[in-house]
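These figures come from a predicted structure and were not determined experimentally.
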Amino acid sequence: MIYRAIASTVQRDITTTLINQSTTLSHLNQLLTHLIRHNQTNNLVTITKLTQKFSDFNSISNAKNLFTLFSNSNPPDLFLYNVLIRGFSRNNLPFESLSLYYQLLKSTRLKPDNFTFAFLVSGFSGFLAFGVEKFGILVHGQVIVNGFGSDLFVGSALVDMYMNFSRIGYAYKVFDEMRERDSVLWNTMVSGLVRNCCYEESLRVFSDMVGGGMRFDSTTLAVALTSVAELQDLRNGMLIHCLGVKMGYDVHEYVVTGFISLYSKCGDVNTAKLLFELINEPDLISCNAMIAGFCFNNENESSVRLFRELLVKGEKVNSSTIVGLIPVSCPFGYLSLTRCIHGFVVKSGMVSNPSVSTALTTVYSRLNVMELARRLFDEFPKKSLASWNAMISGYAQNGLTEMAISLFREMQKLDIHPNPVTITSILSACAQLGTLSMGKWVHDLIKKEKFESNIYVLTALVDMYAKCGNIEEARQVFDNITEKNVVTWNAMISAYGLHGRGQEALVLFNQMLHSGVSPTGVTFLCVLYACSHAGLVEEGQKIFHSMVHDHGTEPLSEHYACMVDLLGRAGKLEKALEFIYKMPLEPGPAEWGALLGACMVHKNIDMARLASDKLFAMDVGSAGYYVLLSNIYSVDRNYSQAASVRKILRNKNLAKTPGCTLIEVNGYQHVFTSSDQSHPQAGAIYAKLEELMEEMREAGFHTETSTSLHDVEEEEKELMVKVHSEKLAIAFGLLASEPGTEIKIIKNLRVCVDCHNFTKFVSKVTDRVIVVRDANRFHHFKDGECSCGDYW
DNA sequence: CTAGGGTTAG
């Protein structure tokens, strides 16, 4: 009897040892066959061990069958349930986990414990699909009801889950409610924030962790390195470097790889190369970091060379290598090169890797071949958040704003939660479209989701408010940003320029210099643009001078064009022309175009002809210039010439854009076109308009058409028979909004003189502020005056 | 540990 017991124990120990030592799936299968053959499938410990091992080998069907086999003749204990739930979760089957959990509740008297919940929750940490989030929240409810709300294991799993859904706010809530915090919990927070591109926030949490004396391991340090690298924050990066050395973590090759990545992304390739050479035998991963570093610094030949070396050494390159290499085809701008890489990716089967596909989508977007990008996107077997973002941002950046927003809506329908990157792109789309209501909605979303510390989001928010006409709101958001970068400053400066508030732009520019942020070329463009739109000629010239001599910034063609615009707008046409002749670069379409525009405003026909001759010689494919030239001939009463230019325009297929105006009332958008009758309230609108026009005529105003030379395309000629869309929108705005409230409209073309006069008049007699965004800038009409000083 | 998605100017 005793012998038999010992024998069975020995047998069990041997089996357990064999299971533990199994290194392949076939070992396990052999063992299982053996157990079944000898009728030894009734031992709980053995079965549990085997179930666990099967799921570790991703053979979840075996694990499941084993569980069923056992439970047919024995009641499983909680441990076995937990092991299988863990198996399902690890194999990305959260719903299988969930149904097993229900089975546990329904058909046993077992009480789920912290392991059950930790495993159950963890199933939702890597799973993103339609409507999963609701189930995640449901599971969280079960956790609380069962009293595990402050369990560390469960808590970490919950934080990880919410981070996966980009629910930063919920993750924080779980984190805050933990009575004690271990290094795993902290690490989950830090890496979750990194996964959601909240790099500043992750560094803040990391420094809280270190400052609080919490032990951190080399992995956490590596995650923090990711943040500083992404932020290109060399100062903190070097601090973390020191910290890593002090802790002795630099013996780990992956930490050194993190350092290489940091210096690569901060532009210090030499240090990166030095560290790279210190590694005796660089592995694939450190090579990838170096390749990406070369790419980042436009050392494309070096990247390709290292890539070749890897191939020669017989190393198997992975998706990281390809993703790191793909940007090489971007600055080159060669579609064929991208196609080549695309071909390689398809051949090697890497096309199913979301990172690779997303990178390719991005390259296609940058090259503005959106059809290819979309086709690739539609073919993704599994769309990651990044792939959605790549597509949405591609649309937004190429001006296909409606497509961007409709894709975002689709995403929401599928219950896929946006992260800060998505939000930034959508804000950019709102800014371009001028949809304030949607922009405000996104702002609320930002607050709810705790994306408020993300500098990209906030900068895009400033820009959105400015471009939707809410300059004060833009400023408020701007003032609340604690750590502003150059782009943030640029956005606010350009906002003032857009609204014709040049002095404020200059004040802000000086504040920026005092705050220690160095201006870039874009900063000077923003400032010069602001000066130009406010007629601040001397200030602009001083800035231009200081840009070259104090800041050592080399002016690009855009800067010269801006100066031409500045001088030209102010009527200093001769000076503008002289400036063009004296500039060290070859003057291009931008400079001549700016001069031509100025000539039209100041009615200098001869110089206009000179400028347009230059433009035609360059064969610029822009309808605007042709319209301007046609207008010149009209002024000269040379109608046949004017007609022939328009014919060229038609032949070249440079379609003129029809004018339309958008107005938002109570969150609804109304779009008007010229002489539009389609609005349900058209009758009342035209009656209101007639009433105002009559009043205007009585006050001695008359319609002005022929003398105006703005680039408003055909519209003006139609004025005698048609009513411009902005008048309709304004009349509607007066009817549909409360007296005394501000009216805001957006027009796709430039405002014509007649409408400008009309709007001035209306603002006076109705005592309303009317804000007009045209193709170029904002006009604030108040009390019969416009902020542009009749100069646009 | 390495890799994919974001803001400003024209």
Side-chain angles (χ1 to χ4, degrees), chain A residues 196-197 218-223 225-226 229-230 249 252-262 264 282-293 295 317-327 350 353-363 365 377 383-394 396-397 418-428 431 451 454-464 466-467 484-495 497-498 520-530 556-559 561-562 565 589-590 593-594 776:
Chain A
N196 280 286
C197 315
S218 53
T219 332
T220 319
L221 185 92
V223 173
L225 276 172
T226 312
E230 282 297 331
Y249 289 160
H252 302 290
E253 217 164 73
Y254 61 81
V255 172
V256 181
T257 304
F259 294 150
I260 293 173
S261 177
L262 165 72
S264 290
D283 62 353
L284 179 62
I285 295 165
S286 50
C287 286
N288 286 347
M290 201 60 236
I291 286 176
C295 281
V317 299
N318 63 9
S319 60
S320 272
T321 325
I322 296 300
V323 173
L325 207 55
I326 279 179
M350 275 192 243
N353 181 304
S355 303
V356 175
S357 303
T358 305
L360 272 170
T361 308
T362 309
V363 177
S365 290
F377 175 77
K383 294 176 180 55
S384 70
L385 187 54
S387 56
W388 283 93
N389 289 342
M391 207 58 227
I392 290 176
S393 69
Q397 283 165 6
N419 75 353
V421 178
T422 330
I423 297 297
T424 308
S425 292
I426 285 302
L427 279 174
S428 163
F451 293 157
N454 187 297
I455 192 66
Y456 283 92
V457 168
L458 292 173
T459 304
L461 197 59
V462 168
D463 184 56
M464 184 278 293
K467 291 208 174 122
K484 307 172 178 72
N485 65 18
V486 213
V487 184
T488 317
W489 286 98
N490 291 353
M492 196 63 227
I493 292 172
S494 89
L498 202 62
T520 61
V522 176
T523 313
F524 288 106
L525 271 180
C526 296
V527 179
L528 290 174
Y529 175 80
L556 303 173
S557 172
E558 290 98 316
H559 296 98
C562 218
D565 189 63
N776 280 339

Inset, instruction - Could you tell me whether a side-chain N or O of A/Ser384 sits under 3.5 Å from a main-chain N or O of A/Ser387, the two making a donor and an acceptor? - result: yes
Legend entry - Residue whose closest nucleotide on DNA chain B lies nearer the 5' end, A/Cys197 versus A/Thr219: A/Thr219
Inset, instruction - For the side chain of A/Thr257, starting at C-beta, report the closest nucleotide among B/dT2, B/dA3, B/dG6. - result: B/dT2
Inset, instruction - Between B/dT7, B/dA9, B/dC1, spot the one nearest the side chain of A/Ala460, thanks. - result: B/dT7
Inset, instruction - When you get a sec, tell me which of B/dG4, B/dG5, B/dT8 is the closest nucleotide to the side chain of A/Ser393? - result: B/dG5
Legend entry - For atom CG of A/Leu458 and atom P of B/dT8, their distance in whole Å: 14 Å
Legend entry - Residue pair A/Leu284, A/Thr321: steps toward the side-chain contact (heavy atoms from CB on, under 4.5 Å) verdict: CA-CA 8 Å; A/Leu284 179 62; A/Thr321 325; 4.0 Å; yes
Inset, instruction - Test for a donor-acceptor pair under 3.5 Å between the base of B/dG4 and the side chain of A/Ser384, counting only N and O atoms. - result: yes
Inset, instruction - Using whole Å, report how far CD of A/Glu230 lies from P of B/dT7. - result: 14 Å
Legend entry - Below 4.0 Å: OP1/OP2 of B/dG10 and any side-chain N or O of A/Tyr529: yes
Inset, instruction - Examine distances only and state if a side-chain atom of A/Ser357 and a backbone atom of A/Pro354 form a donor-acceptor pair shorter than 3.5 Å. - result: no
Legend entry - Closest to the A/Asn490 side chain, choosing from B/dT2, B/dG4, B/dT8: B/dT8
Legend entry - Between B/dG10 (P) and A/His559 (NE2): distance, integer Å: 11 Å
Inset, instruction - With the side chain of A/Leu385 defined as its heavy atoms from C-beta on, choose the nearest nucleotide among B/dA9, B/dT7, B/dG5. - result: B/dG5
Legend entry - A/His252 and A/Tyr249 aromatic ring geometry - parallel, tilted or perpendicular at 30°/60° bounds: tilted
Legend entry - Polar pair under 3.5 Å, donor/acceptor by atom type, side chain A/Asn419, base B/dG6: no
Legend entry - d(CG, A/Leu284; P, B/dC1) in whole Å: 15 Å
Inset, instruction - Compare the minimum distances between each of B/dA3, B/dT2, B/dG6 and the side chain of A/Asn353, then state the nucleotide with the smallest one. - result: B/dA3
Inset, instruction - Select one nucleotide: of B/dG6, B/dA9, B/dA3, the one nearest the side-chain heavy atoms of A/Val421. - result: B/dG6
Legend entry - Residue-phosphate contact under 4.0 Å: A/Gln397 side-chain N/O, B/dG5 OP1/OP2: no
Inset, instruction - Please determine, for the side chain of A/Lys467, which listed nucleotide (B/dT8, B/dG4, B/dG6) has the closest atom? - result: B/dT8
Inset, instruction - Output the single nucleotide from B/dC1, B/dT2, B/dT7 whose closest atom is nearest the side chain of A/Tyr254. - result: B/dC1
Inset, instruction - Measure the distance from CE on A/Met290 to C1' on B/dA3 and round it to the nearest whole Å. - result: 15 Å
Inset, instruction - May I ask you to decide if A/Thr257's main-chain N or O and A/Ser261's side chain share a donor-acceptor pair within less than 3.5 Å? - result: no
Inset, instruction - Would you mind reading off the distance between A/Met464 atom CE and B/dT7 atom C1', rounded to a whole angstrom? - result: 13 Å
Inset, instruction - Looking at every strand, decide which applies to A/Ser261 at a 4.0 Å heavy-atom threshold: base, sugar-phosphate, or nothing. - result: sugar-phosphate
Inset, instruction - Choose from B/dG6, B/dT2, B/dA9 the nucleotide whose nearest atom is closest to any side-chain atom of A/Thr424. - result: B/dG6
Legend entry - N or O in side chain of A/Thr226 less than 4.0 angstrom from B/dT2 OP1/OP2: yes
Inset, instruction - Provide, to the nearest angstrom, the distance between the CG atom belonging to A/Asn485 and the P atom belonging to B/dG6. - result: 16 Å
Legend entry - Gap between atom CG of A/Asn288 and atom OG of A/Ser319 - 0.5 Å precision: 8.5 Å
Legend entry - Spacing of A/Asp463 atom CG relative to B/dA9 atom P, expressed in whole Å: 5 Å
